[in-house]
Amino acid sequence: MTDLVSIQGASTPARAGAPLLEVTDLSVTFPQRGGPDVNAVRGISYQVHKGEFLGIVGESGSGKSVSSLALMGLLPSSARVTGSIRFGGRSLLDLNDRQLSGIRGREISMIFQDPLSALTPVYTVGDQIAEALLLHDSALGKRAAQARAVELLKVVGIPAPERRAKAFPHEFSGGMRQRAMIAMAIANDPQLIIADEPTTALDVTIQAQILEVLEKAKELTGAAVVLITHDLGVVAGHADRIAVMYAGKLVENGTTTEVFAAPHMPYTIGLLRSVPNMQTAGTERLVPLEGRPPSLTALPRGCPFAARCPIAIDVCRETEPGLLVHGLTLSDELAAELAAEHVAACHRSDEIASGLLTRADVFPRPAPLAVQHSEARADAEPVLRVTGLVRHFPLTKGGVFSRQIGTVRAVDGVSFSIQAGQTLGLVGESGCGKSTTILEVLEMTRPQAGRILIDGKDVAGLGRAELLRLRRDVQIVFQDPMAALDPRLPIGDIIGEPLTVHGVKPDARQGRVAELLDLVGLDPQMADRYPHEFSGGQRQRIGIARALATNPRLVVLDEPVSALDVSIQAGVINLLEDLKEKLNLSYLFVAHDLAIVRQIADTVAVMYLGRIVEYGPVAEVFARPRHPYTQALISAAPIPDPVIERSRKRVLLEGDLPSPTEQIDGCNFRSRCPLYSLLADTDKALCETVDPVLRAHGQVETACHHVERNDLAISASLAGREDELAP
């Protein structure tokens, strides 16, 4: 049964007694052969008390994971570690590997970012959990350990745990593998759990399940938790305290409520203002954090954030600030007394704390472009119209004499349209058919069933020359900007390649490349540089410039910001919005981050198992979702506001997405549907026998038999904006 879960933990527990974990002046340096040392962690200090939940946040390369690996003693032997790490009164840095092995897994456990890499592929999941028990309890028998492993899998919500314990890691989905890692982490009732980006690669619904399991594990074991993440919404909903890292140092530390309500460090302010928020998405522009963190091999003099800080003054470029408590330096004498206070490393933190400098003063919100377009006619032909699109793949068995044993229904009757200058957001969990849908559009060949019309032309009936001309009008920006760019070519050649394909002469091509670089906010003189010389956000801008080379009418955006830090995402999203207004572009935007979809899309289509289950204007769908799946997606999306996030109720889905090879009679969502379990038997029979189709409910089309009975649209779960459409 699927429950409506209310998020708890709104109050920060009192910090009484000696800390469980005390990190003092910890530094980690990696010597480089023939080059300067990498100062990955530089003198960080913090405490974690029993039962406390600490969130450590920051951009990639800030030292979050390295500091936690130092706690576990898992750094390479070449690393130089100085400072002090005391756990339960013992100094961990004074222990040898054998002594640390007695602590790891028993008193301190770790949940790694990639569970598939962390689990051994040649042993069953049950054996690996049992091994963690047997290593630390010599009196425990093998059979008892196996039984305990099954019990732990049941605790973390793995269905059919007896059978799943005998399965191998590759037979688990991503969410189930992460649950198995949590089961292993809590097997010996540890006092401290370190979770390193445990939800990064997971869908929003699975992320909500994993965080709920982590909270449950914390309650069962009474352990303290250190969560490393870049998702401020996750921290807002679960952490008691937050520590912000930048360039290897802690730059702000305090209670989550205090730091979110009144950040004192410009970097923290920039992070919070750059995050898409479902409460405000679509109503105001995001605030980008320009530039990139400094190299840890050549740190600048003074504050490492000064080059990116809009309020930096001369002293910022001369002296690196220490952690301050309302103007007092956090010295050793004050450490114990002020450990629970809000501290920040900024020369101007007093001005920020007193209100002389507001968030808008530090990072002003950019104004939208004022571009006037001619009114679109109501009867205008859509740029893209897809009707009844089907893409099934045969599932075969055997080598020479192969035979079909099933069918993968990747796309199963999808219909949508995009008008000129509009954005359609295509959302859903991994495996629902989003990528296959856009590949069918981009391939421009006759589909197995249905029709694809681009500018009113049916691609199934076009010749080679007509298709080449039509391809100018449809371009794509890929998810991974580094993998999408040829590392052997300068970016000028990469951007100009589509023009070469379409016969543009060299002089005109060179001028167009310079124009495109300027359009996406890059210096045209950079055309001779190679992709590795650019940051992630700059590489994505290069990908956007390449997509715009042929003056397309439709740009397909395949998760264009999911591989970027949150601080970089804002600049790319703003750029996409500006280009849409300036060039009157249409976007087909594929994403799993619902806040970004609400920020940029005009219309949204929610996909589940190859079908669209809800389709309509983005404001209407997000404010009043009709389908239980849409409600679960929206309620699972975190909001970077502790007060709101901890008062929301979630519609949690049980289990993972069914296989697209499975033939399901009736509604294919009913096995996970929270509404189905609440229906009477006669209503359930309708779901079990009749496949629902999209029907209009106001401006929104929904594929659900019981829309009128669906009262799961809890106001708290809808980001507090359900009154937008109130009459």
Side-chain angles (χ1 to χ4, degrees), residues 2 4 205 278 281-282 378 382 385-389 412-419 422-429 432-434 437 589 594 597-598 601-637 649-651 653 664 666-680 682-727:
T2 302
L4 304 182
T205 51
M278 288 223 299
R385 184 189 294 277
V386 174
T387 308
L389 180 64
D412 201 18
V414 165
S415 301
F416 59 84
S417 63
I418 306 175
Q419 296 290 339
Q422 298 292 302
T423 299
L424 170 69
L426 200 59
V427 302
E429 295 170 285
C432 69
K434 305 188 301 293
T437 299
F589 190 92
L594 297 181
V597 170
R598 187 165 193 171
D602 302 293
T603 309
V604 63
V606 182
M607 288 192 70
Y608 186 81
L609 279 183
R611 301 182 183 183
I612 291 176
V613 297
E614 191 147 12
Y615 178 56
V618 69
E620 174 80 21
V621 170
F622 274 77
R624 295 176 183 172
R626 275 77 167 173
H627 198 282
Y629 180 59
T630 311
Q631 292 169 346
L633 286 179
I634 292 173
S635 74
K649 292 184 179 180
R650 299 216 187 276
V651 182
L653 299 181
I664 302 174
C667 177
N668 60 11
F669 181 61
R670 73 174 186 277
S671 63
R672 303 173 73 197
C673 181
L675 179 61
Y676 174 78
S677 61
L678 305 176
L679 296 173
T682 53
D683 295 323
K684 286 182 178 179
L686 180 63
C687 299
E688 293 164 1
T689 56
V690 180
D691 189 10
V693 297
L694 285 171
R695 291 191 178 89
H697 298 272
Q699 300 178 63
V700 178
E701 296 179 57
T702 308
C704 178
H705 293 303
H706 306 290
V707 172
E708 292 79 7
R709 297 191 178 190
N710 191 353
D711 57 356
L712 292 172
I714 303 166
S715 61
S717 74
L718 304 182
R721 288 178 60 185
E722 67 283 349
D723 58 345
E724 280 183 347
L725 306 176

Check your understanding: Passes side-chain contact (heavy atoms from CB on, under 4.5 Å), F622 versus L633? Steps please.
Key -> CA-CA 10 Å; F622 274 77; L633 286 179; over 6 Å; no
Review point. Is there a side-chain contact (heavy atoms from CB on, under 4.5 Å) between L609 and D412 once you walk through the steps?
Key: CA-CA 8 Å; L609 279 183; D412 201 18; over 6 Å; no
Exercise for review: List the steps and the verdict of salt bridge (charged side-chain N to carboxylate O under 4.0 Å, His left out) for R672 and E429.
Suggested key: CA-CA 13 Å; R672 303 173 73 197; E429 295 170 285; 2.9 Å; yes
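Using modelled atom types, one side-chain atom of E614 and one backbone atom of R626 make a donor-acceptor pair closer than 3.5 Å. In terms of modelled atom types and a separation under 3.5 Å, the side chain of R611 and the main chain of Y608 share no donor-acceptor contact. A donor-acceptor pair under 3.5 Å links the side-chain atoms of K434 to the main chain of G428, judged by distance alone. Side chain of H627 to main chain of V606: no donor-acceptor pair is present (N/O by atom type, distance under 3.5 Å, no hydrogens or angles).
The side-chain heavy atoms of T702 and V613, taken from C-beta on, include no pair separated by under 4.5 Å. For the pair V427/M607, no side-chain contact is recorded, criterion being any heavy-atom separation below 4.5 Å from C-beta on. Residues R670 and L675 have side chains not in contact (no heavy-atom distance under 4.5 Å, counting atoms from C-beta outward).
Closest heavy-atom contact between E708 and H705: OE1-O, 4.4 Å. The shortest heavy-atom contact between M278 and A637 is CE-CB, 3.9 Å. Across all their heavy atoms, V707 and H697 have their closest contact at CG2-NE2, 3.7 Å. Scanning all heavy atoms of the two residues, the minimum distance from S677 to P674 falls at OG-O, 3.0 Å. Between N668 and I664, the shortest heavy-atom distance links the atoms CA-CG2, 3.8 Å. Looking at every heavy atom in both residues, V618 comes nearest to V604 through CA-CG1, 4.1 Å.
Separating the OG1 atom in T603 from the OH atom in Y615 is a distance of 6.0 Å, to the nearest 0.5 Å. The structure places CG of L424 at 11.0 Å from CD of Q419, a figure rounded to the nearest 0.5 Å. Taken to the nearest 0.5 Å, the OG atom of S415 stands 8.0 Å off from the CG atom of L389. The structure places CD1 of I418 at 10.0 Å from CG of D602, a figure rounded to the nearest 0.5 Å. Rounding to the nearest 0.5 Å places OG of S671 at 11.5 Å from CD of E688. Taking CZ of R385 as the reference point, atom CZ of F416 lies at 11.5 Å (rounded to 0.5 Å).
Aromatic ring centres of H706 and Y676 lie farther apart than the 6.0 Å criterion allows.
The side chain to side chain contact (heavy atoms under 4.5 Å, CB included) test with C704 is passed by exactly one of P628, P692, C667: P628.
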